[in-house]
Number of protein chains: 2
Amino acid sequence: MKALSIKDIALKANVSITTVSFIINGKAKEKSISDAVIKKVQQIIIDSGYKPNQIARSLRTGNSNIIGLIIEDISNSFFSRIARLIEDKAYKKGYKIIYSSTENNVEKAQELINLFKSRKVDAYIISPIKGIEEDIQILLNENKPVILFDRNLPELNTNYVGANHFVASYQAVESFIKQGKRNIALVTTDIDVQQIVERYEGYKKAIIDYALPYSEDLVLKIPFNQKEESTAKELKQLFKNKDVDAVLFATNYLAISGLKVLKQIDKKLDENFAVIGYDDHEAFELHTPSISTIQQPLEEIAETIIKLILNQLSSKTKLPDQQIIIPAKLILRN
Amino acid sequence: MKALSIKDIALKANVSITTVSFIINGKAKEKSISDAVIKKVQQIIIDSGYKPNQIARSLRTGNSNIIGLIIEDISNSFFSRIARLIEDKAYKKGYKIIYSSTENNVEKAQELINLFKSRKVDAYIISPIKGIEEDIQILLNENKPVILFDRNLPELNTNYVGANHFVASYQAVESFIKQGKRNIALVTTDIDVQQIVERYEGYKKAIIDYALPYSEDLVLKIPFNQKEESTAKELKQLFKNKDVDAVLFATNYLAISGLKVLKQIDKKLDENFAVIGYDDHEAFELHTPSISTIQQPLEEIAETIIKLILNQLSSKTKLPDQQIIIPAKLILRN
DNA sequence: TTGATTTACTAAAACGATTTACTGTGCCGG
DNA sequence: CCGGCACAGTAAATCGTTTTAGTAAATCAA
C-alpha cells in the first residue's frame with residue numbers, strides 16, 4: 001500500500017519524470033509540453049489521487065509553504081485567538097501554519113526555532129523572549145523572513161507588529177485619575193520584555209504627569225511561572241491595602257487571578273475600587289460588574305503580520321524592515 | 001552561509017559518511033566503530049554545531065518524530081488547554097506536536113490530514129467530524145497510529161479517548177431535578193457528532209427517568225457557525241419563556257453566549273433559574289454567581305492520549321484498539 | 001598454517017522530488 | 001541546401017540522510 005510517486009505517474013503516462021514534474025509545477029507551457037501530454041498526465045494524476053511527497057520537495061527546494069508560529073502559551077486566550085486568525089488568513093493564501101508554545105522558556109524557544117528550521121519553514125512569526133536574540137539573528141542571516149509580534153527585541157533589525165502599550169496603559173491610568181482615583185496600583189509580570197516594560201512606563205508616566213505620588217509599593221511584579229497560590233497571596237495583600245483605589249492589570253491572566261481573589265475575599269468593585277484588565281477575555285465582559293480593559297486589535301495585528309510575511313516571501317530582494325505599532329483601545333465598560 | 005551537512009563532518013573527521021551517520025544514530029557500538037573515532041566525530045559535531053537535516057532524514061526513514069494534532073478550533077479554551085497539555089507531555093518524550101484547526105469544516109480537515117500525511121507525521125490525534133471517516137480509514141490502512149478524542153466515529157476501528165458525556169449530562173439534569181426544577185432546557189449545537197448526541201441523550205434519559213414531560217421545545221440546537229446575533233436572539237426567546245427554570249448548555253461557548261444574553265436581558269440566576277455549563281471556562285468560576293459545570297478531566301485525557309500513542313509507536317505490531325471512557329465530573333458551585 | 005570469524009570501516013543505492021543541460025526533430029529564411 | 005531556432009521532451013545530477021552489502025585486516029580455533 002505504498003504511496004504513489006512521481007515515477008509511477010511517469011510510467012503510467014509513458015513520459016519522463018521531468019515532464020510530470022513540469023506539469024505539476026505549472027511550468028508545462030514554459031517548457032513547451034504539448035497540450036495533449038498535459039491533459040493526459042493531469043488526468044492520470046487525478047484518477048490515481050497522486051499527491052507529491054512534500055518532504056522530498058522540501059529537501060530539493062529548501063522550502064515548505066509552511067510558516068512557523070512561536071508563541072508564549074497557546075492556552076492563553078490572547079495567543080490562541082491570534083493564532084486562529086493568523087491560521088485563517090495564511091490558509092487563504094496557501095500557507096499552512098504550525099505553532100508551538102515556548103512557555104517563556106529560553107531553551108524551549110531555541111529548540112522550537114531549531115525544529116522549525118530543520119523542517120525548513122519559509123518564515124517565522126515569533127512572540128519572542130529575551131535570550132533568543134542570537135537564534136533569531138541566525139535566521140535573519142539566513143535571510144528568512146521573521147516577524148516579531150506582541151513583543152519587540154529592539155536590538156534586532158527585523159519586522160515588528162505590536163500594539164502601542166505605552167499609550168494604552170497611560171490612557172488607562174488617566175481614566176482612573178479622571179474618576180478621582182489617587183492610589184493606583186499596577187499588577188504586572190517580571191518578564192523583561194519590551195511590551196511589559198512599556199505598560200509599566202505608561203503607567204508611571206501618567207502617575208507623574210498628573211502629579212500623583214509614585215510608589216514602588218503600588219507596583220506588584222508577579223514572577224511568570226509562579227504558582228497560583230503564591231500569586232493569590234500577593235494579590236490579597238495588595239487588595240487589603242485600604243489606600244489602593246484602582247488596579248491596572250498588565251495581562252489578562254493576571255486580571256483573571258486578581259478577579260478570583262477579589263471574589264474570594266469578597267471585595268466589591270464599586271465607586272471606591274476599580275480595575276482595568278489587559279488583552280480582553282470573555283470573562284471580562286461577563287463579569288458583574290463588567291471589567292474595562294485594554295483591547296489589542298487582534299484582527300488588525302494578524303492581518304498586518306500576514307501581509308508583511310507574504311510581501312517578504314513574494315519579493316526576491318530583502319524588503320526594508322518595518323516596525324508597525326497599532327493603537328490599542330481602552331474599552332470602558334459600565 | 002549554508003548549513004553543514006553530514007558530508008562536511010565526515011570530511012573534517014576523515015571518515016566516511018556512513019560512520020558519522022552510525023555515530024549520530026547511536027549505532028556506533030553495534031556497528032563496531034572504535035571509541036577513538038566516536039569521540040573524535042562527536043567532538044567535531046559539537047564544535048561545529050552540526051544539526052542533521054530532518055527533512056532528509058524523514059525522506060529516507062519515512063518518519064518524523066512529529067505527532068499531528070487536529071482539533072476543532074484552537075481558540076476554544078477546551079481545545080487550547082488540551083493542546084497545551086498534549087504538547088507538554090509529548091515534548092517530554094521527545095516528540096513534537098504540530099496542530100491546526102478544522103473549524104468543523106470537512107474540506108479543511110481533509111486538507112489537514114493530507115498536509116500532515118505529506119509531512120510524514122508519525123501519529124495522529126484527531127477530534128474528528130463526520131465526513132472524514134474515509135480519510136482516517138486510509139491512515140489506518142497505512143498503519144499509522146490514530147487516536148480520536150473528544151468525539152468518536154463509531155464506524156471506525158481505532159482508538160478513542162473521551163469523557164462519559166452521557167452520564168455527565170444525566171447527572172447534571174438529575175441535580176437540577178433534585179433542586180426542584182421542572183422545565184429544564186438544553187442548549188446544544190447541531191453538529192452531528194457522538195459526544196454531542198450523548199449529551200442530548202443523557203439529558204433526555206434523565207428527564208424521562210424522573211417522569212418529567214419531555215418537550216422538543218426545550219431543546220435548542222444552535223448551528224455551529226451561526227452568527228453571534230442570531231444565537232443571541234434564539235437564546236433570548238428561550239430565556240423569556242417563563243416556564244423554563246433551568247438550562248444545561250452542551251458546550252462552553254454556548255454557555256458563554258447564554259450568560260452574555262442573560263446579563264443583557266438582566267435575568268438573574270437565583271433559586272428560580274439555574275444553569276450548568278460544559279467543559280469549564282475561567283469565566284464560569286468568576287461569574288457572579290459562580291456557574292456550575294461539567295468538567296472533563298483534561299489532564300487525564302491528555303495523559304491517556306499520549307500513553308496510547310507512545311505505546312503504538314514503540315510497538316512493532318499493531319496493538320488492539322482501545323476505547324477509553326473517562327468519567328466527567330459535575331462541579332457544583334455555590 | 002589455514003579457514004572462519006570478528007573488527008573497523010566504507011561505497012553506493014535509496015528515499016522522491018526539482019532542475020539543468022541536453023537531444024533530436026521540423027521548419028524557415030536566405 | 002544549410003544554419004539557426006523553436007518545439008517537445010528527457011537523462012542525470014542534486015538535496016542530505018540512512019542502510020545494505022560489502023571489504024580488508026586482525027584475530028582465533030584447530
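All chains are named by letter (A, B, ...) in the order of the sequence lines, taking the proteins before the strands, and each is independently numbered beginning at 1. Computed from a predicted model, the values in this text were never measured in an experiment.
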| Is the closest side-chain donor-acceptor distance between B/Ser100 and A/Glu87 under 3.5 Å? | yes
| query | Can you list, by residue number, the residues of residues 15-26 of chain B that have a non-hydrogen atom closer than 4.0 angstrom to DNA chain D? | reply | B/Ile17, B/Thr18, B/Ser21, B/Phe22, B/Asn25
| note | Those residues at least two apart in sequence (or on a different chain) that pass salt bridge (charged side-chain N to carboxylate O under 4.0 Å, His left out) with A/Lys117 are none
| task | Measure from NZ on B/Lys27 to P on C/dC9 and round the result to the nearest Å. | result | 18 Å
| Does B/Gln42 have any side-chain hydrogen bond (donor to acceptor under 3.5 Å, both in side chains) partners at least two apart in sequence or in another chain, and if so, which? | none
| Between A/Thr19 and A/Ser16: side-chain donor-acceptor atoms closer than 3.5 Å | yes
| Would A/Asn152 and A/Gln323 count as having a side-chain donor-acceptor pair, cut-off 3.5 Å? | yes
| task | Measure the distance from CG on A/Leu4 to P on C/dG16 and round it to the nearest whole Å. | result | 10 Å
| said: A/Lys318: which residues meet the side-chain hydrogen bond (donor to acceptor under 3.5 Å, both in side chains) condition with it, sequence neighbours left out? | reply: A/Asp321
| task | For B/Lys29, report the nucleic acid contact type (base, sugar-phosphate, nothing); a contact means any heavy atom under 4.0 Å. | result | nothing
| Spacing of A/Ile55 atom CD1 relative to D/dT18 atom C1', expressed in whole Å | 14 Å
| field | Between C/dT18 (P) and A/Asn63 (CG): distance, integer Å | value | 11 Å
| query | Taking atom types as they are modelled, is there a donor-acceptor pair under 3.5 Å from the base of C/dT18 to the side chain of A/Arg57? | reply | no
| said: Let me test you: for the helix from C/dT1-D/dA30 to C/dG30-D/dC1, what is the angle between the axes at its two ends (five pairs each), rounded to 10 degrees? | reply: 50°
| Which residues satisfy the side-chain hydrogen bond (donor to acceptor under 3.5 Å, both in side chains) test with B/Ser32, sequence neighbours excluded? | none
| task | Give a yes-or-no answer on whether the side chains of B/Asn141 and B/Gln137 include a donor-acceptor pair shorter than 3.5 Å. | result | yes
| To the nearest angstrom, how far is B/Ile6 atom CD1 from D/dC15 atom C1'? | 14 Å
| query | In whole Å, what is the span from the CD atom of A/Gln54 to the C1' atom of C/dG16? | reply | 11 Å
| Going by number, which of residues 110-123 of chain A have a non-hydrogen atom under 4.0 Å from DNA chain C? | none
| note | In short, salt bridge (charged side-chain N to carboxylate O under 4.0 Å, His left out) pairs touching residues 118-133 of chain A with sequence neighbours left out are A/Lys130-A/Asp192
| note | Separation of C/dA17 atom P from B/Arg60 atom CZ, nearest Å, is 15 Å
| query | How about B/Asn25: does its CG atom have over 12 heavy atoms from other parts shown lying under 6.0 Å from it? | reply | yes
| message | Under a plain distance cut-off of 3.5 Å, with no hydrogens placed, do A/Asn159 and A/Gln322 share a side-chain donor-acceptor pair? | response | no
| Is there a side-chain polar atom (N or O) of A/Tyr50 under 4.0 Å from OP1 or OP2 of C/dG16? | no
| message | Generate the contact string for nucleotides 23-28 of chain D. Rules: B means base contact, S means sugar-phosphate contact only, - means no protein heavy atom under 4.0 Å. | response | ------
| request: May I have the distance from A/Asn14 (atom CG) to D/dG9 (atom P), rounded to whole angstrom? | output: 12 Å
| Once the angle between the rings of A/Phe116 and A/Tyr124 is folded into 0 to 90°, is it parallel (under 30°), tilted (30 to 60°) or perpendicular (over 60°)? | tilted
| query | Under the ring pair (Phe, Tyr, Trp, His ring centres under 6.0 Å) test, which residues partner B/Tyr99, sequence neighbours left out? | reply | A/Tyr99
| query | With a distance cut-off below 6.0 Å to the six-membered ring centre and an angular limit of 45° from the axis, does B/Lys96 pair with B/Tyr91 as a cation-pi contact? | reply | no
Table of protein N/O atoms under 3.5 Å from nucleotides 6-8 of chain D N/O atoms:
unit_1, atom_1, unit_2, atom_2, d
D/dA8, N7, A/Ser32, OG, 3.2

| request: Check the side chains of B/Asn114 and B/Gln110 for a donor-acceptor pair under 3.5 angstrom, ignoring hydrogens and angles. | output: no
| message | Taking side-chain contact (heavy atoms from CB on, under 4.5 Å) as the definition, give me every residue that meets it alongside B/Asp35, ordered by chain and number, with sequence neighbours left out. | response | B/Lys29, B/Ile38
